[in-house]
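Hydrogens, waters and symmetry mates play no part in the numbers below; they use all other heavy atoms, side chains included. Here is how names work: the chains are called A, B, and so on, in the same order as the sequence lines, proteins then strands, and each is numbered from 1.
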Protein chains: 2
Amino acid sequence: MNNNYRKVSKEMMERLKKKGVRLTPQRLAVIEFLKVHKGHPSVDEIYYAIRRKYPSISPATVYSTLQMLKEMGEIQELHIRADKASFDYNPQPHHHFLCRICGTIMDVEVDCPIRNRKTIGGHKVEKVKAYLFGVCSECLKQESEAKESS
Amino acid sequence: MNNNYRKVSKEMMERLKKKGVRLTPQRLAVIEFLKVHKGHPSVDEIYYAIRRKYPSISPATVYSTLQMLKEMGEIQELHIRADKASFDYNPQPHHHFLCRICGTIMDVEVDCPIRNRKTIGGHKVEKVKAYLFGVCSECLKQESEAKESS
DNA sequence: TTTAATGTTATATTAATTACAAATGAATAA
DNA sequence: TTATTCATTTGTAATTAATATAACATTAAA
């Protein structure tokens, strides 16, 4: 496997090394894929993409690398799709939108009042996920174009 | 199976009948269970509970009934747990909290500004789910009691 | 270079969910 | 009432995401 991982940020590599994480080619490939493809991919999307350049990689490695990156606070895992997890290179909490037409998951900017709440109703809040569902702007455009031409 | 489903609301039965849904004993058992046990149960919790009184019921029936009730807008499905779905007798959108200690899912009251937004960033919003994670008030109490006595 | 520790791979397993065909049961028409 | 039709339920198999595990490979340290 080639070692050309210039796309992985020096800062992230520093942080991981400092925590004693060994930066293997497989792990770097996962990190690089997430950095370049910010479309919130699933495990098998990541796996098949890396596989094309690195046929020997195993799904188990992708799973374990994502697990590790999540525990290190470098990425976040989403469960916006009912059937499988999606991964976001950006670990900061933010809202996500899933289009029911094209299936795209995208970030949305929302000024959310509970984002920084430490407690709610007496419960200690450690993490917040907000998932929005509907039809994305692209698909809305296509819908209205189809209507016009009919 | 006995037909003693007084706990299922007349209004709901009316709405379903009006839509041509046949109110079989199995379906009424699922509805009744959800109404009485509002702890956001999973499919197998519903299945095993009903099974005790009605041994012949099949998981497939529970799945299909929940699917039907969701499509009819009578209940909502949550994906706050990573591995399996949870069901809420209340179809109105509201926030949910999952305790990482005891695993309980509970409703939380939050005055949410995106609840009634029809669009966000050009996307049409049809549904919103907000999941909060942390330690519930009960488990916090137990934690502090354990600390005091040590 | 040898040894120890860690990471990777392949495979098997688990568990939720879906698919489907056969059996059952309810509603309707004769 | 009985026969027919159609939807529902059941049991089973298939699918699929995710986890567990053991053998193998690689890296780091002695």
query = By side-chain hydrogen bond (donor to acceptor under 3.5 Å, both in side chains), which residues pair with R81(B), not counting sequence neighbours?
reply = S86(B)

query = Which letter, B, S or -, goes with each nucleotide of nucleotides 6-18 of chain D from 5' to 3', with contact meaning a protein heavy atom under 4.0 Å?
reply = -SSSBB-----SB

Listed pairs, N/O of protein and of nucleotides 22-24 of chain C, under 3.5 Å:
none

request  = Go through the structure and list residues passing side-chain contact (heavy atoms from CB on, under 4.5 Å) with S58(B), not counting sequence neighbours.
outcome  = A60(B), T61(B)

Using a 3.5 Å cut-off and no angle test, enumerate the donor-acceptor pairs between side-chain atoms of residues 128-142 of chain B and protein atoms at least two apart in sequence or in another chain.
residue : atom : partner : partner atom : Å
K129(B) : NZ   : Q76(B)  : OE1          : 2.8
K129(B) : NZ   : E77(B)  : O            : 3.0
Y131(B) : OH   : H79(B)  : N            : 2.8
E138(B) : OE2  : K141(B) : NZ           : 3.3

ask   = When the distance from CD1 of I50(A) to C1' of dT8(C) is rounded to whole Å, what number comes out?
value = 13 Å

request  = Only counting residues at least two apart or in another chain, list the ones meeting side-chain hydrogen bond (donor to acceptor under 3.5 Å, both in side chains) with Y89(B).
outcome  = none

Pairing residues for T104(A) by the side-chain contact (heavy atoms from CB on, under 4.5 Å) criterion, not counting sequence neighbours = C102(A), M106(A)

request  = Please check if atom NZ in K19(A) has more than 12 non-hydrogen atoms from other residues, nucleotides or ligands closer than 6.0 Å.
outcome  = yes

request  = Report the residues that fulfil side-chain contact (heavy atoms from CB on, under 4.5 Å) with E14(B), sequence neighbours left out, ordered by chain and then residue number.
outcome  = none

ask   = Rounding to a whole Å, what distance do you find between L66(A):CG and dG7(C):P?
value = 15 Å

task = Take atom CD of Q67(A) and atom C1' of dT6(C), then tell me their distance rounded to the nearest Å.
result = 17 Å

message = Could you work out, with side-chain hydrogen bond (donor to acceptor under 3.5 Å, both in side chains) as the rule, every residue matching Q67(A), not counting sequence neighbours?
response = E71(A)

Whole angstrom value for the distance that separates P of dT26(D) from CG of L23(A) = 18 Å

ask   = In whole Å, what is the span from the CD1 atom of I46(B) to the C1' atom of dA16(C)?
value = 14 Å

